[in-house]
S.K.: 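First the structure, then my questions, so here it is.
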Amino acid sequence: MAAQKKRKKTAVRFELTRGGIGSIAIVCFCIFLWMFLFGVWTGQSLLKPTDPVVTGFKAGSVGLEQPVIHLDETKKIKP
């Protein structure tokens, strides 16, 4: 068998100055701001109803509703 050659592993390094880091931060901030504004604009246009919403609710029918029954705290089942 032939002896296998070992390859020397080289590490990849990125070196940036403070100005480079600041530039990347500003670019990321602008991208995220643009995405936020585009999302708000899209959400407003998607959620805006095109036709008036008709619920079929009559204002005079409120008095005909059944009263809400409140639960008593002492009757709860405790584990």
Side-chain angles (χ1 to χ4, degrees):
M1 287 189 152
Q4 294 181 355
K5 294 181 182 178
K6 292 186 177 181
R7 292 187 180 179
K8 190 177 182 180
K9 294 183 179 180
T10 58
V12 177
R13 295 176 65 181
F14 293 101
E15 296 182 9
L16 294 173
T17 61
R18 289 184 184 180
I21 295 172
S23 300
I24 291 173
I26 290 171
V27 168
C28 288
F29 175 76
C30 291
I31 289 172
F32 288 129
L33 180 65
W34 172 251
M35 289 171 54
F36 174 76
L37 293 175
F38 185 69
V40 169
W41 175 72
T42 305
Q44 284 181 350
S45 63
L46 287 177
L47 296 176
K48 186 182 209 180
T50 55
D51 297 329
V53 178
V54 179
T55 59
F57 177 74
K58 296 178 183 176
S61 65
V62 175
L64 303 175
E65 295 291 327
Q66 297 293 327
V68 177
I69 300 172
H70 296 285
L71 298 175
D72 188 10
E73 288 287 329
T74 58
K75 293 183 181 179
K76 287 187 178 179
I77 299 173
K78 296 183 180 178

S.K.: Residues two or more places apart in sequence or in another chain: which of them pass salt bridge (Lys or Arg N to Asp or Glu O under 4.0 Å) with Arg18?
M.R.: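 For Arg18 there are no salt bridge (Lys or Arg N to Asp or Glu O under 4.0 Å) partners, ignoring immediate neighbours.
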
S.K.: Should side-chain heavy atoms under 4.5 Å link Ile, Leu, Val, Met, Phe, Trp and Tyr, which residues sit in the same cluster as Phe14?
M.R.: Val12

S.K.: For residues 23-47, tabulate all N or O donor-acceptor pairs below 3.5 Å that involve a side-chain atom, not counting sequence neighbours.
M.R.:
residue, atom, partner, partner atom, Å
Ser23, OG, Gly19, O, 2.8
Thr42, OG1, Phe38, O, 2.7
Ser45, OG, Trp41, O, 3.3
Ser45, OG, Thr42, O, 2.9

